[in-house]
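Numbering starts at 1 and runs along the sequence shown.
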Amino acid sequence: MKYCVVGKSLPHTLSPEIHRAFGNTDYGVKELEDVGALSSFVQSKTCDGYNVTIPYKRDIIPMLDVISDEAAEIGAVNTVVNRAGKLTGYNTDIGGMAYALKKADITLKDKDVMILGSGGTCMTASCLLRREGAKSVTVVSRTGGVNYENCYDLQNTQVIINTTPLGMMPHAYEKPVELCRFKRLEGVFDCIYNPLETLLIKEARELNIKCANGLAMLVEQARLAHALFFGCGAETQSSDRVLEDILKSRKNIVLTGMSGAGKSAIGKTVARLLGRPFVDTDSEIERAAGMSIPQIFSEYGEAHFRQLESETVERVCLKQGAVISTGGGAILNEKNVFFMRCNGDVFLIERNVDELEISGRPLTKDRLGARTLYESRKSKYLASAHFVIKNDATVEAAAKAIADIFKNGENGR
């Protein structure tokens, strides 16, 4: 391969997909276990260019022949170009971050800004803030003078930039700070892009604060790297277009609703229409437990089933690009709802209670029981959903409605 991304552990990297979208079809992944392996790779000069990610952005600097002024100022390299055996290091992360903040309409000039985390991405943010004329910059770290306990004393904070891994797998149900405690806050940027909506971004949206995740930054830095690989005149797609396509390809479609509403049949049809994998969380639970859901209820009780369900929803929904059908009671757990929404659009499948298939359902013995159960859950179904789809005609009609909404990029509730 002529181009690649270099890092220690890259099982979920989006870089090849993004670079292909910009026209580079000869782009791969190179995992290097330590700095010694990195040094050997750099000295081999086998690639025409490569991107560098965690944890080698600083380690690689002394291994290169030249680094750009920008990379030197930041103290990190994320792009290397091999020109006739001479290796030059650049930093396109700063341009990516500037693009993401501008796209979210988050301004930095004359603002009091707080950076969460003191690692390599903090250095990029600090450099950008100096360039943009931020009024003040405070770095929060676990052991610094300003830490995660006393940072709330800085009530002048207007913009927060998260450069920590809190909110990213396997810490997806965590966040570094409580945004509601910053009364002047007007902008939040989270460098994390998987999940697409972290708990930090979720809270920012609930508080009506301008916010963005790290996907736009990732796409724009790749565009800038692509231009360095192929020369300044390289024709590429716009980052806006690639970002839109990547976001659509990565988003899940998650179906909720009462048991017997047709979620599985509709989900399978949606998956076929869009060429996506289909996952049924109830089937996943049964497969792992080696018994049916009614058996789980009978032998171990509902509480045990709900625990299995929660674990399954988290695991399945942290993956991307799938159609996922969830159990009727999954929305009762707030944590489940977060994972359903963090990487996808949630579609509530509604069907007349009198038409629900209730046989073999452990919580609905008759129509009256089904109606009572639905009324007790209705508000949670509606609150968790981006869209409501009526399953009052055919499976194909409901599936097409979902596929059309998704393909058109409509914004839900």
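The pair Glu132-Lys111 fails the salt-bridge criterion, with no side-chain N (NZ, NE, NH1 or NH2) lying under 4.0 Å from an Asp/Glu carboxylate O. Salt bridge status for Asp105 with Lys210: present, with a side-chain N to carboxylate O gap under 4.0 Å. The residues Glu244 and Arg241 are annotated as not salt-bridged, no charged nitrogen and carboxylate oxygen being separated by less than 4.0 angstrom. Electrostatic pairing of Arg306 and Glu302 counts as a salt bridge here, judged by a charged N lying under 4.0 Å from a carboxylate O. The existence of a salt bridge linking Lys251 and Asp345 is confirmed by a sub-4.0 Å separation between a basic side-chain nitrogen and an acidic carboxylate oxygen. Using a 4.0 Å cut-off between charged nitrogen and carboxylate oxygen, Lys400 and Glu396 do not count as a salt-bridge pair. Taking a cutoff of 4.0 Å between a charged side-chain nitrogen and a carboxylate oxygen, Glu350 and Lys378 do not qualify as a salt bridge.
No donor-acceptor pair closer than 3.5 Å links the side chain of Gln155 to the backbone N or O of Phe182. When atom types are taken as modelled, the side chain of His386 and the backbone of Val346 share a donor-acceptor pair closer than 3.5 angstrom. The backbone N or O of Ser40 lies less than 3.5 Å from no partner atom in the side chain of Gln43, so there is not a single donor-acceptor pair.
In this structure, Leu87 and Val81 have side chains that are not in contact, with every pair of non-hydrogen atoms separated by 4.5 Å or more. The shortest distance between side-chain heavy atoms of Val254 and Phe347 does not fall below 4.5 Å. Side-chain contact between Val177 and Leu200 is present, with at least one heavy-atom pair separated by less than 4.5 Å. Contact check for Thr198 versus Ile201: side-chain heavy atoms found under the 4.5 Å cut-off. Counting heavy atoms from C-beta on, the side chains of Val29 and Thr13 come closer than 4.5 Å. Glu286 has its side chain out of reach of Asp282: every pair of non-hydrogen atoms, C-beta onward, lies at least 4.5 Å apart. Taking 4.5 Å as the limit, some side-chain heavy atom of Leu108 sits within range of a side-chain heavy atom of Leu101.
Side-chain contact of Ser310 with Glu314: a donor-acceptor pair under 3.5 Å is absent, judged by distance alone. A side-chain donor-acceptor contact under 3.5 Å links Ser249 and Glu17. The closest side-chain donor-acceptor pair between Ser238 and Asp240, if any, does not fall under 3.5 angstrom. Gln221 and Asn78 share a side-chain donor-acceptor pair at under 3.5 Å. With 3.5 Å as the limit, one finds a donor-acceptor pair spanning the side chains of Asp190 and Asn162. Using modelled atom types, one finds a donor on one side chain and an acceptor on the other under 3.5 Å when comparing Asn194 with Gln320. If you check the side chains of His304 and Gln307, you find no donor sitting under 3.5 Å from an acceptor. Counting only N and O atoms by type, the side chains of Glu220 and Ser239 include a donor and acceptor under 3.5 Å apart.
The two residues Arg315 and Glu284 make their nearest non-hydrogen contact at NH2-OE1, 3.4 Å.
Taking the ring centroids of Tyr173 and Phe338, they lie under the 6.0 Å cut-off. Between Tyr300 and Phe305, the ring centre distance reaches or exceeds 6.0 Å.
Ser259 contributes atom OG, which lies 8.0 Å from atom CG of Leu373 (distance to the nearest 0.5 angstrom).
Classification of the Tyr27-His19 ring pair by plane angle, with boundaries at 30° and 60°, yields parallel.
Residue pairs meeting the side chain to side chain donor-acceptor pair (under 3.5 Å) criterion with at least one member in residues 28-38, sequence neighbours excluded, do not occur.
With a 6.0 Å cutoff to the six-membered ring centre and a 45° limit on the axis angle, Arg223 does not count as a cation-pi contact of Phe22.
Checked against Lys57 for a side-chain contact (heavy atoms from CB on, under 4.5 Å), the options Asn91, Val77, Asp93, Ile74 give a single hit: Asp93. None of Leu14, Val52, Leu10 except one satisfies the side-chain contact (heavy atoms from CB on, under 4.5 Å) rule with Val5; the exception is Leu10.
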